2 protein chains.
Amino acid sequence: MQRNRRVTATDVAEAAGVSRSAVSRAFAPNAYLDGEKRKLILTTALKLGYRPNALAASLQGKRSNLVAVAAGGMNNLYNAEFTAKLVARLNAAGKWPIVIGGSEAVLDDAILPALSYPLDALIVRGSSLSAQVFEDCAKLNIPLIFAGRILKGAQVDCVSCHNSNGTAAAARHLIARGRRKFGFISGPAGLSSSSDRLEGIRCALREAGLSLIAEAPCNYTYEGGRDAATSLLTQYDIDALICANDASALGALSAARYELDRDVPNDLSIVGFDDIAQASWPEYNLTTLRNPLDQTMDEILRLLQARLDDPDRPAEQVLIAPQLITRKTD
Amino acid sequence: MQRNRRVTATDVAEAAGVSRSAVSRAFAPNAYLDGEKRKLILTTALKLGYRPNALAASLQGKRSNLVAVAAGGMNNLYNAEFTAKLVARLNAAGKWPIVIGGSEAVLDDAILPALSYPLDALIVRGSSLSAQVFEDCAKLNIPLIFAGRILKGAQVDCVSCHNSNGTAAAARHLIARGRRKFGFISGPAGLSSSSDRLEGIRCALREAGLSLIAEAPCNYTYEGGRDAATSLLTQYDIDALICANDASALGALSAARYELDRDVPNDLSIVGFDDIAQASWPEYNLTTLRNPLDQTMDEILRLLQARLDDPDRPAEQVLIAPQLITRKTD
DNA sequence: CTGAAAGCGCTTACAG
DNA sequence: CTGAAAGCGCTTACAG
């Protein structure tokens, strides 16, 4: 009676009076094995609570089915939705996500040790990665998939929505409604999602002979959005505020209405980006750009499968069209 | 030049001109190994991008450091905060969370196959588990930790806040403020968190010679809270609404104010449970019971470590005191 | 259809 | 301090 030991194929073999090989075959649907024998083994296994150790199997060249997911900060509410959905999709596909959270600052420190596992892939949401992670993944033969940004030049699979197209469409819409004095609340410095979104606005303003009045830095959070909006709206004369994401837009909306007593949308438009669940809540009714979650998931799963099927295929970069959702803040 | 192969200890040994054993020792801080040699091996490993395969190591009786986390539905916003925080804490402790998401209905289907990995533990948030998962975990020697509910009678480590104490305190507070006509918006049927919270209210009402006017079922979501509040407030004369969690309380608050034109808090009190981030946003300012996240994490991590250190220790059940946070809806 | 054997990448007594 | 060898739990040619 040994303690603290996992039930093993040998245990099942002994209990059922067959060879270890037979046990292994019983769990491989296509292996040659007498029907009765398979039944006996499976019953014995069930009784003993045996299930093949996936890790030992992965040593035989099988896939581990382990996929690391670097999730990014969860107070960016879109990240939370994204991660929840990705986890569910991965589960459904028989892949097991090792989630790596925490702030961007420590992401590297957290990812590196996770590479000790024989990962089928590493999916990175949004943030950037140090050169070391890139190199280590290459050396360890761990495919990388980026979601939320396109890595230009690099041979890496990427999925992102077309950020600048989205904000350009939003800006044109606001211009058509008569807005002229634009402000922008940005995301964290260095994130291409934020700079691309800004670029879209600049482009639409240029077309109309306009230019951006002011920009305030923010960190993609609700609280950050409040602060940024307060500073922007008290310093400048602005009638259209585009925010780099929804979390900050909700904060901006709250500050504008309840602290600065601005009338949204009558004397100020506020537009977000992502279309998180809260955006459609009646107390916000936020006009925003939908960053399509299901379509993004479809692409991630497709890219993952394609990469596993053919590690040598050329990298693919998928751009998804965002969609302007007009509600009651534009 | 082989492709699609992970760098291996043998590769490093060959490159550095040492034995495989030496490579292994170089990565074990306390192993006997000549200083110069260790340095050489580590440098070579770095160059090659080698890092020991954690799974192969786990076959030697080492821990896998893999911990499965059954997270529960993410549209219960507290679950999302909980999971994000737990992931970060686990990462920081050198444990790697395999996250299992999805709705409660499919949780079993999703957990079972995850048991193929040599898990150090399985942490279950909130929901209940089928007998089969219990048995399989026992047979596979995977310790179970429950967060968010106490399993009475079972020999399982559990952490939960004291649900009935929390709602009883809230109800007494509302009674002291003059409320007499109480309604309750519940969580999903069968979840003890919800029934315990109801029991706390009943208890406080009894003390005051009062009884509950009505109860509406809900699923712990914002949308569900809206619907439940609408049905409750249009059918009954109620001046105090206690919701089984914050997500549903936010929905209830929104419906009460914007659809039913009720004046909260002047003619109706609304109280939630959990104290999620949104509860303190100025547009809600929700009075609620804080379900202390950091303290809960501390206990989970402590219980996990203690269980790993001594698999035979008696199960521990930790009850955490919730805290009434009065804001502007009571 | 089946079992004995080799091998996956590692660690750890064992014998120097 | 060090290398050769055994063994962790599995799968898969190999030879019946």
Side-chain angles (χ1 to χ4, degrees), chain A residues 2 4-42 45 48-66 115-120 139-142, chain B residues 2 4-42 45 48-66 115-120 139-142:
Chain A
Q2 317 203 13
N4 303 325
R5 237 196 77 228
R6 204 182 154 95
V7 191
T8 220
T10 308
D11 300 332
V12 178
E14 275 174 17
V18 300
S19 71
R20 285 205 243 79
S21 321
V23 176
S24 195
R25 287 191 185 104
F27 284 88
N30 298 323
Y32 290 117
L33 186 63
D34 177 75
E36 285 305 305
K37 202 171 208 174
R38 166 168 276 137
K39 218 175 285 179
L40 169 65
I41 294 174
L42 259 16
L48 263 42
Y50 170 74
R51 108 185 25 234
N53 181 333
L55 297 198
S58 86
L59 278 185
Q60 300 333 293
K62 296 272 185 202
R63 273 180 197 140
S64 69
N65 290 322
L66 249 23
L115 300 180
S116 298
Y117 297 91
L119 268 17
D120 279 1
K139 285 168 177 164
L140 293 166
N141 250 304
I142 299 176
Chain B
Q2 317 203 14
N4 304 324
R5 238 195 77 228
R6 206 181 151 97
V7 190
T8 221
T10 309
D11 300 333
V12 178
E14 276 174 17
V18 300
S19 71
R20 285 205 244 78
S21 322
V23 175
S24 194
R25 287 190 186 106
F27 284 88
N30 298 324
Y32 289 117
L33 187 62
D34 177 74
E36 285 304 306
K37 203 172 208 173
R38 166 168 276 138
K39 218 175 285 179
L40 169 65
I41 294 175
L42 259 15
L48 263 41
Y50 170 75
R51 107 184 28 232
N53 181 332
L55 296 199
S58 85
L59 278 185
Q60 298 336 291
K62 296 272 184 201
R63 275 180 196 141
S64 69
N65 290 322
L66 249 25
L115 301 181
S116 298
Y117 297 90
L119 268 17
D120 279 1
K139 285 168 176 165
L140 293 166
N141 251 303
I142 298 175

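Order of the sequence lines fixes the chain letters, A, B, ..., with proteins taken first and strands second; residue numbering starts at 1 for each chain. Because only heavy atoms are used, hydrogens play no part in the values below, and waters and symmetry mates are left out as well, while side chains stay in. Just so you know, these numbers come straight off a predicted model, no measurement behind them.
At a threshold of 4.0 angstrom between heavy atoms, the contacts of T8(B) are confined to the sugar-phosphate backbone, with no base atom among them. Using a 4.0 Å heavy-atom distance criterion, F27(B) is classed as making no nucleic acid contact.
T10(B) has its side chain within reach of R20(B): a pair of non-hydrogen atoms, C-beta onward, lies under 4.5 Å apart. Counting only heavy atoms from C-beta outward, the side chains of L140(A) and L119(A) never approach each other to under 4.5 Å.
The Y50(B) side chain lies nearest to dC10(C) when the options are dA13(C), dC10(C), dT2(C). Picking from dT2(D), dC1(C), dC10(C) the nucleotide with the shortest atom distance to the side chain of D34(A) gives dC1(C). Nearest to the side chain of A22(A), among dC10(D), dG3(C), dG9(D), sits dG3(C). Taking every side-chain heavy atom of N53(A) into account, dC10(D) is the closest of dC10(D), dT2(D), dC10(C). Among dC10(C), dT11(D), dG9(D), the nucleotide with an atom closest to any side-chain atom of S24(A) is dT11(D). If you check dC10(C), dT2(D), dC14(D) against the side chain of L33(B), the one that comes closest is dT2(D). For S19(A), counting side-chain heavy atoms from C-beta on, the closest listed nucleotide (dT2(C), dT11(D), dG3(C)) is dG3(C).
Atoms CZ (R25(A)) and P (dC14(D)) sit 14 Å apart, rounded to a whole Å. Between Q60(A) atom CD and dA6(C) atom P the separation is 15 Å, expressed in whole Å. Taking atom CD of E14(A) as the reference point, atom P of dG9(D) lies 12 Å away to the nearest angstrom. The distance between atom CG of L40(A) and atom C1' of dC1(C), rounded to the nearest whole Å, is 15 Å. Distance L140(B) CG to dG9(D) C1': 13 Å, rounded to the nearest Å. Per the geometry, CG belonging to N141(B) stands 12 Å off P belonging to dG9(D), to the nearest Å. Counting to the nearest Å, the C1' atom of dC8(C) and the CZ atom of R63(A) are 17 Å from each other. Here the P atom of nucleotide dC10(C) and the OH atom of Y117(A) are 14 Å apart, to the nearest Å.
Only the P atoms considered, dA5(C) is 23 Å distant from dC1(C), to the nearest whole Å. Spacing between dA6(C) and dT2(C) at atom P, rounded to whole Å, works out to 22 Å. A distance of about 16 Å separates the C1' atoms of dG16(C) and dT12(C), rounded to the whole Å.
Looking only at distances, no side-chain donor or acceptor of S116(B) sits under 3.5 Å from a matching main-chain atom of A54(A). Side-chain atoms of Y117(B) come within 3.5 Å of backbone atoms of S64(A) as a donor-acceptor pair (strictly under, hydrogens ignored).
Taking a 6.0 Å sphere around NZ of K139(A), one finds it holds more than 12 heavy atoms contributed by other residues, nucleotides or ligands.
Searching all strands for a Watson-Crick or G-U wobble partner of dA13(C) with both distances below 3.5 Å returns nothing. Across every strand in view, dA4(C) sits unpaired, with no contact that passes the Watson-Crick or G-U test at under 3.5 angstrom.
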For Y50(B) and F27(B), run ring-ring contact (aromatic ring centres under 6.0 Å, His included): C-alpha distance rounded to whole Å, both residues' side-chain angles, the deciding distance at 0.1 Å, then the answer. CA-CA 11 Å; Y50(B) 170 75; F27(B) 284 88; 5.4 Å; yes
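For dA4(D), its base sits under 3.5 Å from the side chain of S21(B) at one donor and acceptor pair at least.
Side-chain N/O atoms of K62(B) include none lying less than 4.0 angstrom from OP1 or OP2 on dC8(D). Put simply, K37(B) has a side-chain N or O that comes within less than 4.0 Å of OP1 or OP2 on dT2(D).
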